[in-house]
Protein chains: 2
Amino acid sequence: MQDTLFSFIAKYISLTDDEKHAILSLDLFRAVKKGTTLLKEGQNSKDSYFVLKGCIRTHYILDGEEKTTAFYTEMEALTPPCVISKTPSEYYISCVEDSILLISNSDMEVEVNRKFPKFDIMCRKLSEELLAKQRIDFDEFKTNSPEQRYLNLLQKRPDLIQRVPQHQLASFLGIKPQSLSRLRARILEKSKE
Amino acid sequence: MQDTLFSFIAKYISLTDDEKHAILSLDLFRAVKKGTTLLKEGQNSKDSYFVLKGCIRTHYILDGEEKTTAFYTEMEALTPPCVISKTPSEYYISCVEDSILLISNSDMEVEVNRKFPKFDIMCRKLSEELLAKQRIDFDEFKTNSPEQRYLNLLQKRPDLIQRVPQHQLASFLGIKPQSLSRLRARILEKSKE
DNA sequence: TCAAATCGTTCACTTAAGTTAAGAAACGAA
DNA sequence: TTCGTTTCTTAACTTAAGTGAACGATTTGA
């Protein structure tokens, strides 16, 4: 589990054993049960999440309907917009599977960054990289049809289609569950020919 | 023009007059004519852009068709994904209007960051903020219909609808130009009732 | 200035997604 | 295990976006 964390960090900075111990001593690992709500709409949270094992999702409730917009799995990090903007959260974060997460607090991060200035560098690199990746994802979403988006997902994150409920996948793809069912049937039909 | 830059920077860090002079002495302002291509697909660029006046856009060419995915206007910054990933660019950047830009090079930024460590802090804050903002934009795009997206744009960036060609706006909204025309006619029809 | 290209709109037609409803399958809690 | 809920799929119908084509209006450049 710790390996997952340190091989993630190693992508950005190199740590000494002392530094590794210091991080572990913060005791940030948390086991979270499937279905647990980590953040609710309207809350003022300062927590960021890193998925060591499992899957979490972000969703809105609009007109009483759940709209899932993102999934985070192993080796992925999430700092909710409300932490950055210091305003109440517009969305929910919940646990799709039993998961092990690293949950860090932004106040605590300020502290850690003072002790280990390296961390600031990592955070900068990480957020620049995530910004660029997300830009590409957004552009692909804009330029593709729902069917193309599904086929894309099948290529890039085939695990998600297995581990996540269809109705959550549907809104992640920007469509209704019924449309996803139909779209999958259509693809299957095509592949038979 | 310099005021635009310094009031932007002031949102993140405070600068002394000496620091301001140092920045100006780098001589990074560029006047760019409408239609100019700043970055081509396949190029390995290290340039980032900050719009002081005017408008630039990013677009792909897919199946021979132009797909515009983003616009950047006054007080907005753009670091292309290719600068971060150090791979050839997947898209084009071009000038929508005669513009005045600040164009900085990532090699040069490393230099500036060494002289003024403050800058690293600004870059981190900026990219974290942009990441959060873009996340919200992406989520709104996913959860809204084309018509809602257009009405949203009308609220949030009404200037864009005036200053940008319709066919570029259409792909920015994720639809075809004909659909945008139809959609606008539909809205007009509704408002008459 | 004039011809060519580009752009925005409209129309008729096709295709796919939204909506409403119903039933089967899977899941969870008592 | 069983009852009730949630989830997934299918179907019929509605609505909106994609497609191909045509038409002026504008812009561009030779």
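On a predicted model such as this, the values are computed, not experimentally measured, just so you know. A, B, ... follow the sequence lines: proteins, then strands. Residue 1 opens every chain.
In summary, the aromatic rings of A:Tyr92 and A:Tyr60 are positioned with their centroids too far apart to meet the 6.0 Å limit. Aromatic rings of A:Phe141 and B:Phe138 (six-membered ring for Trp) have centroids within the 6.0 Å cut-off, being under it. B:Phe172 has its ring centre less than 6.0 Å from the ring centre of B:Phe71.
Nucleotide D:dG18 holds its P atom 14 Å from the CD atom of A:Glu147, rounded to whole Å. The nearest whole Å value for the distance from the CG atom in B:Leu151 to the P atom in D:dA16 is 13 Å. Atoms CD1 (B:Ile187) and C1' (C:dT9) sit 15 Å apart, rounded to a whole Å. The nearest whole Å value for the distance from the CG atom in B:Leu169 to the P atom in C:dT9 is 11 Å. When rounded to the nearest whole Å, the span between CG of B:Leu188 and P of C:dG8 equals 17 Å. Rounded to whole angstrom, the span from the CD atom of A:Glu189 across to the P atom of D:dT10 amounts to 10 Å. As rounded to whole Å, 12 Å separates atom C1' of D:dT7 from atom CG of A:Leu180. Atom NZ of A:Lys176 is separated from atom P of D:dT10 by 20 Å (rounded to the nearest Å).
Checking A:Gln178 against A:Pro146, the closest nucleotide of DNA chain C that is more toward the 5' end is the one next to A:Pro146.
OP1 or OP2 of C:dG18 sits under 4.0 Å from a side-chain N or O of A:Ser179. OP1 and OP2 of C:dT6 both lie 4.0 Å or more from every side-chain N or O belonging to B:His167. Put simply, A:Arg186 has a side-chain N or O that comes within less than 4.0 Å of OP1 or OP2 on C:dA17.
When each of C:dG18, D:dA17, C:dT9 is scored by its nearest atom to the side-chain atoms of B:Arg184, the top-ranked nucleotide is C:dT9.
The 12-atom threshold is exceeded at NZ of B:Lys118, counting heavy atoms of other residues, nucleotides or ligands nearer than 6.0 Å. Around atom NZ of A:Lys11, more than 12 heavy atoms belonging to other residues, nucleotides or ligands sit under 6.0 Å away.
B:Thr69 and A:Arg135 get closest at one heavy-atom pair: O-NH2, 3.5 Å.
Among the atoms of the strands shown, base atoms are found under 4.0 Å from some heavy atom of A:Arg182.
A donor-acceptor contact shorter than 3.5 Å links the side chain of B:Glu19 to the backbone of B:Thr16.
A salt bridge is absent between A:Lys133 and A:Glu140; no separation between the charged side-chain nitrogens and carboxylate oxygens falls under 4.0 Å.
Summary of helix geometry: the two end axes of the helix from C:dT1-D:dA30 to C:dA30-D:dT1, each defined by five base pairs via their C1' atoms, are inclined to each other by 60° (rounded to 10°).
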So which protein N/O to nucleotides 22-30 of chain C N/O distances come out below 3.5 Å?
none

Could you walk me through whether B:Leu101 and B:Phe29 pass the side chain to side chain contact (heavy atoms under 4.5 Å, CB included) test, one step at a time?
CA-CA 6 Å; B:Leu101 309 175; B:Phe29 293 3; over 6 Å; no
